[in-house]
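Report on the structure given below.
What you are looking at is a predicted structure, and each value in this text was computed from that prediction instead of being measured. Hydrogens, waters and symmetry mates are skipped; everything else that's a heavy atom, side chains included, is used.
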Amino acid sequence: MSKPVLIIGGGPAGLSAAHALAAAGRKSILVEKEDRLGGAPILSGYAKLVPSHEWAKDAIGAMVTRVYPNPNVDVRLNTSVQKFDGTPGNFVATLKDGTQIEAETAIMATGFTHFDSINKPEWGFGTYPDVVTTTQVEQMISSGKGVRCPSDGRVPDRVAILLCVGSRDRQIGREWCSKICCTVSANIAMEIREELPNTNVYIYYMDIRTFGLYEGEFYWESQEKYKVKYIKARIAEVTSDGKRLLVKGEDTLIKRPVSIPFDMVVHAVGMDPNVDNMTLSSVFDVKLNRWGYIDRANTYTTLAQTSRPGVYVCGSASGPETIDDSIAQGHAAAMAAMTFQNAKVTEAAE
Amino acid sequence: MPIHEKSLIRPENLVEHEHLVIEGVDVSGHWSTFIEGRSITDYNEAMQEEIAALPGGENIHRCWQCGSCTNACTVNAVNPEFNPRYWIYLIRLGMEEELLRDKDIIWQCVSCNKCTYACPRDVVPEAVMKATAHWLELKGHTPKSNSTIFDEGFASQVIKTGKIEDGLVLRDYFKATGQSLTQPWLVAMVTGLIKRFPVTYLMKLGIATVFPDKTRKWSKSRAAITEYVEECEAANRKALGLDAKGTH
Ligand SMILES: Cc1cc2nc3c(=O)[nH]c(=O)nc-3n(C[C@H](O)[C@H](O)[C@H](O)COP(=O)(O)OP(=O)(O)OC[C@H]3O[C@@H](n4cnc5c(N)ncnc54)[C@H](O)[C@@H]3O)c2cc1C
Ligand code: SF4
Ligand code: SF4
Ligand code: SF4
């Protein structure tokens with residue numbers, strides 16, 4: 001009887017790995033530090049997801065109920081792994097309360113941390129209440145309260161979404177593109193226009209990266225159907241004239257400075273490496289890549305392999321990822337974990 | 001200090017006070033020259049909607065500023081100031097003052113539609129140029145262009161009689177645009193025709209000029225067309241926030 005697979009993190013990636021293992025009749029133990037499963041889409045209260053337009057609580061909720069309860073999945077909430085010893089096939093993990101778990105392999109599905117906009121003070125977050133993040137707007141929509149200015153609850157006449165906040169910015173050591181925020185912003189813009197047809201939405205961008213099929217459904221549709229306006233400018237600063245917010249920058253297409261009044265400014269925040277990654281790296285003895293995400297040993301042969309044999313990684317733990325890709329990687333990690341014994345046999349035979 | 005590189009600054013942004021004394025020092029005239037900010041301080045959100053409401057402007061919001069239209073443009077090749085991509089941008093964001101700076105060249109579009117074939121988003125820039133020229137006229141920013149005057153004369157004759165009498169179209173057009181009837185090219189053309197045409201045909205032409213022909217039973221069609229045209233014009237004016245009648 002083989003030992004279970006230890007999965008750390010109960011977001012889309014971890015849920016997908018747990019489900020794949022359970023479906024194949026393998027036992028797993030899912031360790032989640034929060035009091036709920038679902039990861040960022042549930043913990044941060046996202047509204048409708050890209051690209052399915054399904055509510056996060058329904059779509060990810062369904063992923064949760066597949067594995068919890070499930071006789072093959074042993075879910076441990078509100079805890080984390082403090083120690084991780086042993087060798088591939090015979091790992092021993094010690095949880096916060098001292099419980100020891102034996103595991104054949106481990107899958108790290110520990111996800112990302114939202115960029116904290118406080119680190120870009122020039123864009124007004126923390127100074128002006130009506131400067132918010134995409135996460136906050138997701139919550140305004142998913143809670144049913146609607147998009148309103150936090151300062152006084154008014155319906156905004158005009159909303160600016162600033163892209164690449166906390167991404168693609170060497171000033172603050174973030175040299176990656178967070179991949180999904182362009183599409184998420186286009187989606188949010190459409191949702192705002194749908195709820196508030198008299199509210200105009202402007203997106204300030206450097207490049208638009210609504211990759212693959214997201215181009216038509218999000219980038220084009222937001223312009224053609226919802227009349228969202230895209231302005232090529234990276235905003236220099238957000239201030240206030242006492243009444244409204246002032247968004248300043250250069251409109252690069254007409255080579256002119258702009259200083260435009262807005263009621264609400266939304267930061268499209270990026271996906272930082274999980275703040276726990278330093279700890280995770282030392283507990284699990286896995287390498288981080290130069291950006292601070294969990295390093296993958298190889299892209300083509302063992303997609304989910306970390307620097308430590310028998311320990312796998314999937315989802316946004318290893319770099320900015322979409323939900324779909326996190327799910328696919330969860331499956332890949334489950335497959336790698338399931339074939340671990342075979343792989344060892346093959347290697348030994350070689 | 002006088003500003004030496006005035007050529008780089010838009011003249012209307014250079015401000016001088018004729019009489020100005022600051023702390024007892026007379027800085028009148030060029031001593032008080034300063035440059036007004038060139039920053040854009042607001043978007044006029046109505047502008048795109050107004051132009052989109054005019055025939056041809058419908059797809060303007062699709063433009064993603066690729067520049068294919070301007071690159072393909074016949075007029076841009078001779079006048080780099082003629083830039084459909086740029087104007088579409090100004091309209092989309094409602095930068096009216098900027099657009100008005102070019103009001104006297106926008107109508108120069110020759111409707112070749114090269115832009116239309118180049119545009120990846122099916123904006124139909126040619127039609128947008130037409131809608132924009134129309135908008136400028138309706139708003140009173142530009143006088144009626146000669147081509148509008150010609151079209152109106154042509155259309156009003158068709159509506160009135162159900163027919164076209166070329167001579168009358170031309171005469172009305174020259175009159176309305178203050179041009180002489182004895183344009184050398186026209187005289188040459190007419191004398192050429194007279195020399196070549198059979199006499200009976202010329203007589204018919206002469207009679208038609210004096211007693212213009214009418215399409216029989218036209219009055220019903222006329223009423224329908226007139227009603228339709230008035231409806232369209234009223235809708236256009238309403239979209240622009242102008243009164244229905246055409247005076248503003
Ligand atoms: C504003 C915003 C909107 C988004 N909208 C979409 C969208 O519409 N569509 C889309 O495809 N993607 C979207 N994304 C991206 C999406 O959030 C990620 O792709 C997805 O959450 C990644 O899943 P994951 O399981 O890898 O990580 P996470 O969702 O981050 O899950 C990681 C889990 O691990 C747990 N964990 C972390 N550290 C530990 C630890 N040390 N011990 C135990 N447990 C731990 C966490 O609590 C969490 O439950 C959005 C991102 C943002 C920022
Ligand atoms: S997806 Fe778009 S908003 Fe996000 S970091 Fe990349 S370019 Fe910027
Ligand atoms: S139709 Fe007008 S705008 Fe288009 S290419 Fe021809 S001249 Fe230029
Ligand atoms: S070709 Fe079309 S999309 Fe490109 S700038 Fe011109 S109008 Fe816009």
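When heavy atoms are compared at a cutoff of 4.5 Å, I231(A) approaches chain B by way of both its backbone and its side chain.
Atom CD1 of I118(A) sits in a crowded spot, with more than 12 heavy atoms from other residues, nucleotides or ligands closer than 6.0 Å. Other residues, nucleotides and ligands contribute over 12 non-hydrogen atoms within 6.0 Å of the CZ atom of F174(B).
When the side chain to side chain contact (heavy atoms under 4.5 Å, CB included) test is applied to A59(A), the partners found at least two apart in sequence or on another chain are L49(A), E54(A).
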Between these two chains, chain A and chain B, I want each donor-acceptor atom pair under 3.5 angstrom written on its own line with its distance.
residue: R158(A); atom: NE; partner: E45(B); partner atom: OE2; Å: 2.6
residue: R158(A); atom: NH1; partner: D42(B); partner atom: OD1; Å: 2.8
residue: R158(A); atom: NH2; partner: D42(B); partner atom: OD1; Å: 3.0
residue: R158(A); atom: NH2; partner: Y43(B); partner atom: O; Å: 2.9
residue: R158(A); atom: NH2; partner: E45(B); partner atom: OE2; Å: 3.4
residue: N200(A); atom: ND2; partner: E45(B); partner atom: OE1; Å: 3.1
residue: Y202(A); atom: OH; partner: E45(B); partner atom: OE2; Å: 2.8
residue: Y204(A); atom: OH; partner: Y43(B); partner atom: OH; Å: 2.8
residue: E224(A); atom: O; partner: H61(B); partner atom: NE2; Å: 2.9
residue: E224(A); atom: OE2; partner: R121(B); partner atom: NE; Å: 3.2
residue: E224(A); atom: OE2; partner: R121(B); partner atom: NH2; Å: 3.2
residue: K229(A); atom: NZ; partner: R92(B); partner atom: O; Å: 3.2
residue: D251(A); atom: OD1; partner: Y89(B); partner atom: OH; Å: 3.0
residue: D251(A); atom: OD2; partner: Y89(B); partner atom: OH; Å: 2.7
residue: K255(A); atom: O; partner: R38(B); partner atom: NH2; Å: 2.9
residue: R256(A); atom: NE; partner: R38(B); partner atom: O; Å: 2.6
residue: R256(A); atom: NH1; partner: E98(B); partner atom: OE1; Å: 2.9
residue: R256(A); atom: NH1; partner: E98(B); partner atom: OE2; Å: 3.1
residue: R256(A); atom: NH2; partner: R38(B); partner atom: O; Å: 2.7
residue: R256(A); atom: NH2; partner: E98(B); partner atom: OE2; Å: 3.4
residue: P257(A); atom: O; partner: I40(B); partner atom: N; Å: 2.8
residue: S259(A); atom: N; partner: I40(B); partner atom: O; Å: 2.8

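Summarising the geometry, atom CD1 belonging to I254(A) is positioned 4.0 Å from atom CD1 belonging to I40(B); distances are rounded to the nearest 0.5 Å.
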